[in-house]
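Notes follow the structure.
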Amino acid sequence: MTTTLGYDTVHRTPTRDFSCFVVDETGRLLLVRRGWAGLWSHPLDGQAARGEPMGRAIARLGGAQLALPLANAVCVLPSTSTSPPVYLAEVGLAEPDPDLSRLVAHRWVDPEELGRAVVVAPWALSPALVTHVRRLADVDPVGLSLELAG
């Protein structure tokens, strides 16, 4: 006899995965292009180690993958059944020095520019980035002004 566990049973444990946007002190957001996909995306996806505070995990991965000193990570979108929680971390005016085995390009953009790109060129952006920006535009938890104007 085979027993199949229901979705609720399997997903009771809170996820330790996360996505993270990075904002500099002028309000620009960092976008990256990963070599395997070729699409522009948010800079960090990762997982916190067991018992590791999420802010520490974000700072650790920001240092390892982007060579950026990330601080003040705040959750701006809670997790859903299809998406991990989304965080926003701050950095000064430092330029990333990405791990080139993971990232092939980076670019700082104004929130308004990113909002326009989601409307006029979603094909150039990762599906996760488009979803996150649309959700952020609905709630705008930290005043990013991610308006989806064409």
Side-chain angles (χ1 to χ4, degrees), residues 5-118 122 124-148:
L5 297 175
Y7 180 85
D8 292 338
T9 304
V10 174
H11 292 88
R12 278 189 196 153
T13 308
T15 182
R16 300 293 294 152
D17 295 335
F18 64 86
S19 294
C20 186
F21 283 90
V22 174
V23 63
D24 73 6
E25 62 187 37
T26 67
R28 298 177 306 166
L29 294 164
L30 180 63
L31 296 183
V32 299
R33 218 171 68 207
R34 293 175 175 87
W36 54 267
L39 301 173
W40 289 98
S41 188
H42 54 281
L44 285 178
D45 283 312
Q47 189 173 56
R50 175 169 282 164
E52 181 181 30
M54 200 59 79
R56 186 175 298 151
I58 290 168
R60 174 178 52 80
L61 288 174
Q65 294 180 17
L66 302 170
L68 286 176
L70 302 182
N72 303 323
V74 60
C75 183
V76 292
L77 290 172
S79 63
T80 68
S81 61
T82 59
S83 169
V86 177
Y87 286 78
L88 179 70
E90 297 176 347
V91 67
L93 288 178
E95 274 300 310
D97 185 15
D99 175 351
L100 295 178
S101 68
R102 295 177 177 267
L103 306 175
V104 297
H106 67 276
R107 175 185 171 94
W108 292 100
V109 298
D110 291 321
E112 298 83 12
E113 183 180 6
L114 179 55
R116 283 191 306 275
V118 166
L125 309 172
S126 74
L129 177 63
V130 172
T131 299
H132 294 333
V133 169
R134 286 182 174 151
R135 288 181 63 209
L136 281 168
D138 288 341
V139 297
D140 197 16
V142 291
L144 287 177
S145 301
L146 283 169
E147 296 179 18
L148 302 181

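- Pairing each heavy atom of Leu70 with each of Ala59, the nearest pair is O-CB, 3.7 Å.
- The CZ atom of Arg107 lies 10.5 Å from the CG atom of Leu114; values are rounded to the nearest 0.5 Å.
- Here Leu39 contributes atom CG and Leu129 contributes atom CG; the two are 9.5 Å apart, rounded to the nearest 0.5 Å.
- Taken to the nearest 0.5 Å, the CZ atom of Arg134 stands 14.0 Å off from the CG atom of Leu77.
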- request: For side-chain contact (heavy atoms from CB on, under 4.5 Å), just list the numbers for Cys75 and Met54, CA-CA rounded to whole Å, side-chain angles, deciding distance to a tenth of an Å, and then say yes or no.
  value: CA-CA 9 Å; Cys75 183; Met54 200 59 79; over 6 Å; no
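- The salt bridge (Lys or Arg N to Asp or Glu O under 4.0 Å) analysis of residues 79-97, with sequence neighbours excluded, yields no pairs.
- Annotation: the span from Phe18 atom CZ to Leu61 atom CG amounts to 4.5 Å, rounded to 0.5 Å.
- Remark: the backbone N or O of Thr26 is paired with a side-chain donor or acceptor of Asp24 at under 3.5 angstrom.
- Using modelled atom types, one side-chain atom of Arg16 and one backbone atom of Glu52 make a donor-acceptor pair closer than 3.5 Å.
- The OG atom of Ser41 lies 7.5 Å from the NE2 atom of His132; values are rounded to the nearest 0.5 Å.
- A heavy-atom distance below 4.5 Å is not found between the side chains of Arg34 and Ser126.
- For Pro96 against His106, the heavy-atom pair with the smallest separation is CG-CD2, 3.3 Å.
- A tilted orientation is assigned to the rings of His42 and Phe21, their planes being inclined by 30° to 60°.
- Ser83 is not listed as a side-chain neighbour of Thr131, based on a closest heavy-atom distance of 4.5 Å or more.
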message: One pair to check against side-chain contact (heavy atoms from CB on, under 4.5 Å): Leu125 and Val133. What are the steps and the verdict?
response: CA-CA 11 Å; Leu125 309 172; Val133 169; over 6 Å; no
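- Nearest heavy atoms, Ala73 versus Gly55: CB-CA, 4.3 Å.
- Here the rule is side-chain contact (heavy atoms from CB on, under 4.5 Å) with Leu88, and of Asn72, Ile58, Leu136, Val23 only Val23 fits it.
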task: Under the side-chain contact (heavy atoms from CB on, under 4.5 Å) rule, what do Arg135 and Thr80 come out as? Steps first, then yes or no, please.
output: CA-CA 11 Å; Arg135 288 181 63 209; Thr80 68; 3.5 Å; yes
